Amino acid sequence: MTRPRPSRLRRSATTLTAVVAVLGLAACSATGGRKAVEERENSVGNAGTPTMTVAMVTHSAPGDTFWDIVRKGADDAARKDNVDLQYTADPDGAKQANLVQQAIDKKVDGIVVTLAKPEAMGPTVRRAIAAGIPVVAVNGGMDDYQKLGVLSFFGQDERIAGEAAGTRAQREGAKRPLCVIHEQGNVGLEDRCAGVKAKVPATQVLYVNGKSPSAMQTSITSKLQQDKSIDYVVTLGGPIAMVATQSKTSAGSQAKVVTFDTSKQVVDGIKSGSIAWAVDQQPYLQGYLAVDQLWLYKTNGNTVGGGQPVLTGPAFVDKTNVASVEKYVASGRR
């Protein structure tokens, strides 16, 4: 599939802004002022529509803090929209597909999926759609969601995000980055590293066992000890960034640690200087907008994006703006 041109990305970003604005306006009472605030507070959890059931099935691994934020967004939208949200996850593509099949068997009203492993997920997603269940995708699968018949996609273009990270690292003087992939077969992670390598051709890729922090630390430490020319360690998730900082210390390396995705630990790392910056794709928005899209489709036949992906990133978080992000971290929304 041809990747979106910059004009398409601008239209997608504009669409996202418009959607957020419309949703915000829809929450306001026509009377305004304190009465409007009181009416909103009194109506939380009751959209005035019948309860609908949405299954959210992701490829999250246990302990991955990124998905806690995605789920927080989905939970908040579910409370607002009177949705019974049923969340399950498995990083194994076949097992994730089985979870989707279970949702189909339950005859849920809508399904949110990730398509990090589209070959494994594709047949089951098609079965859901054939059964009349609307499906939306988040986070992974921007290149595949349309051909599968999925309603909308909320996330970032991972190749472009990788190129943005590579461009920034190159401008900062990176010569030999190491890009760490913690889940083999995840097309989004592969795209991120490919994007970095497109901008800094000497980038090396290291595959590690993302299910074992100790194994990851050993692998990264060993690589840094073997190759002292590595000047950037690019990790593709917050928990992996924390492991990489430990590996850097153990190896006596001078490499900068940078990462994709934020968490409380990553924000603390940016403040302390142990992590230089993070690429943020606003995971809360992905979960929130996905559930809201299914509610809008069920209650009013609305679709979001105009046939294009709705982009939630990338953006950078560093010492210049980390304070503005930190204040939202405690609520679990950033």
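If you're wondering where the values come from, they're calculated on a predicted model, not measured in any experiment.
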Do the side chains of [Y] and [X] get nearer than 4.5 Å, heavy atoms only?
{"X": "Thr124", "Y": "Ile104", "value": "yes"}
{"X": "Tyr145", "Y": "Val125", "value": "no"}
{"X": "Pro177", "Y": "Val233", "value": "no"}
{"X": "Met142", "Y": "Leu311", "value": "yes"}
{"X": "Thr262", "Y": "Val329", "value": "no"}
{"X": "Asp75", "Y": "Arg79", "value": "yes"}
{"X": "Val279", "Y": "Thr259", "value": "no"}
{"X": "Phe260", "Y": "Gln156", "value": "yes"}

Is there a donor in the side chain of [X] and an acceptor in the side chain of [Y], or the other way round, less than 3.5 Å apart?
{"X": "Lys223", "Y": "Gln204", "value": "yes"}
{"X": "Ser212", "Y": "Ser214", "value": "yes"}
{"X": "Thr49", "Y": "Trp295", "value": "yes"}
{"X": "Gln102", "Y": "Asn98", "value": "no"}
{"X": "Gln226", "Y": "Ser222", "value": "yes"}
{"X": "Ser152", "Y": "Tyr297", "value": "no"}

Tell me whether [X] contacts the main-chain N or O of [Y] through its side chain, where contact means a donor paired with an acceptor under 3.5 Å.
{"X": "Gln146", "Y": "Gly307", "value": "yes"}
{"X": "Asn300", "Y": "Asn302", "value": "no"}
{"X": "Lys248", "Y": "Ala255", "value": "yes"}
{"X": "Thr245", "Y": "Met242", "value": "yes"}
{"X": "Asp231", "Y": "Arg176", "value": "yes"}
{"X": "Asp81", "Y": "Val83", "value": "no"}
{"X": "Gln217", "Y": "Ala244", "value": "no"}
{"X": "Asp109", "Y": "Thr53", "value": "yes"}
{"X": "Thr114", "Y": "Ala116", "value": "no"}
{"X": "Asn321", "Y": "Ser324", "value": "no"}

Given the rule in the side-chain hydrogen bond (donor to acceptor under 3.5 Å, both in side chains) test, do Ser60 and Thr58 qualify, once you have shown the distances and angles that lead to the verdict?
-> CA-CA 5 Å; Ser60 169; Thr58 77; 4.6 Å; no

Verdict with reasoning, Glu190 to Asn186, per side-chain hydrogen bond (donor to acceptor under 3.5 Å, both in side chains) = CA-CA 6 Å; Glu190 297 283 355; Asn186 184 320; over 6 Å; no

Given side chain to side chain contact (heavy atoms under 4.5 Å, CB included), test Cys193 with Leu236 step by step and report yes or no.
-> CA-CA 9 Å; Cys193 283; Leu236 307 182; 3.9 Å; yes

With salt bridge (charged side-chain N to carboxylate O under 4.0 Å, His left out) as the test, would you mind laying out the steps for Arg192 and Asp261 before giving the verdict?
-> CA-CA 12 Å; Arg192 289 177 180 181; Asp261 303 331; 3.6 Å; yes

Determine, stepwise, if the pair Glu163 / Arg159 fulfils side chain to side chain contact (heavy atoms under 4.5 Å, CB included).
-> CA-CA 6 Å; Glu163 290 177 359; Arg159 175 63 183 246; 3.1 Å; yes

Indicate if [X] and [Y] have the same hydrophobic cluster label, given that clusters are the connected sets of ILVMFWY residues with side-chain heavy-atom separations under 4.5 angstrom.
{"X": "Phe153", "Y": "Val187", "value": "no"}
{"X": "Val257", "Y": "Val196", "value": "no"}
{"X": "Leu151", "Y": "Leu296", "value": "yes"}
{"X": "Ile129", "Y": "Val108", "value": "yes"}
{"X": "Ile181", "Y": "Val243", "value": "no"}

Would you say Lys228 has more than 12 foreign heavy atoms packed within less than 6.0 Å of its NZ?
-> yes

Trace of the side chain to side chain contact (heavy atoms under 4.5 Å, CB included) decision for Glu158 with Gln281 | CA-CA 10 Å; Glu158 300 292 10; Gln281 60 175 307; 4.2 Å; yes

Would you sort out whether Val113 and Val100 count as a side chain to side chain contact (heavy atoms under 4.5 Å, CB included), showing the intermediate values?
-> CA-CA 8 Å; Val113 297; Val100 174; 3.9 Å; yes

Option passing side chain to side chain contact (heavy atoms under 4.5 Å, CB included) with Glu326 (candidates Lys264, Lys271, Arg334) | Lys271

For a side chain to side chain contact (heavy atoms under 4.5 Å, CB included) with Val112, tell me which candidate from Asn139, Val70, Leu85, Val138 qualifies.
->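 By the side chain to side chain contact (heavy atoms under 4.5 Å, CB included) criterion, Val112 pairs with just one of Asn139, Val70, Leu85, Val138: Val138.
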
Salt bridge (charged side-chain N to carboxylate O under 4.0 Å, His left out): pairs with one or both residues in residues 116-135, sequence neighbours excluded = Lys117-Glu183

Between Lys72 and Trp67, is NZ or CZ placed under 6.0 angstrom from the six-membered ring centre and within 45° of the ring axis?
->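 Judged by the rule, Lys72 and Trp67 form no cation-pi pair.
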
Cationic tip of Arg168 above Phe316 ring, under 6.0 Å, 45° of axis =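 Yes; both conditions hold, so Arg168 lies above the ring face of Phe316.
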
State which residues pass side chain to side chain contact (heavy atoms under 4.5 Å, CB included) with Lys319; sequence neighbours excluded, sorted by chain then number.
->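 By the side chain to side chain contact (heavy atoms under 4.5 Å, CB included) rule, Lys319 matches Ile270.
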
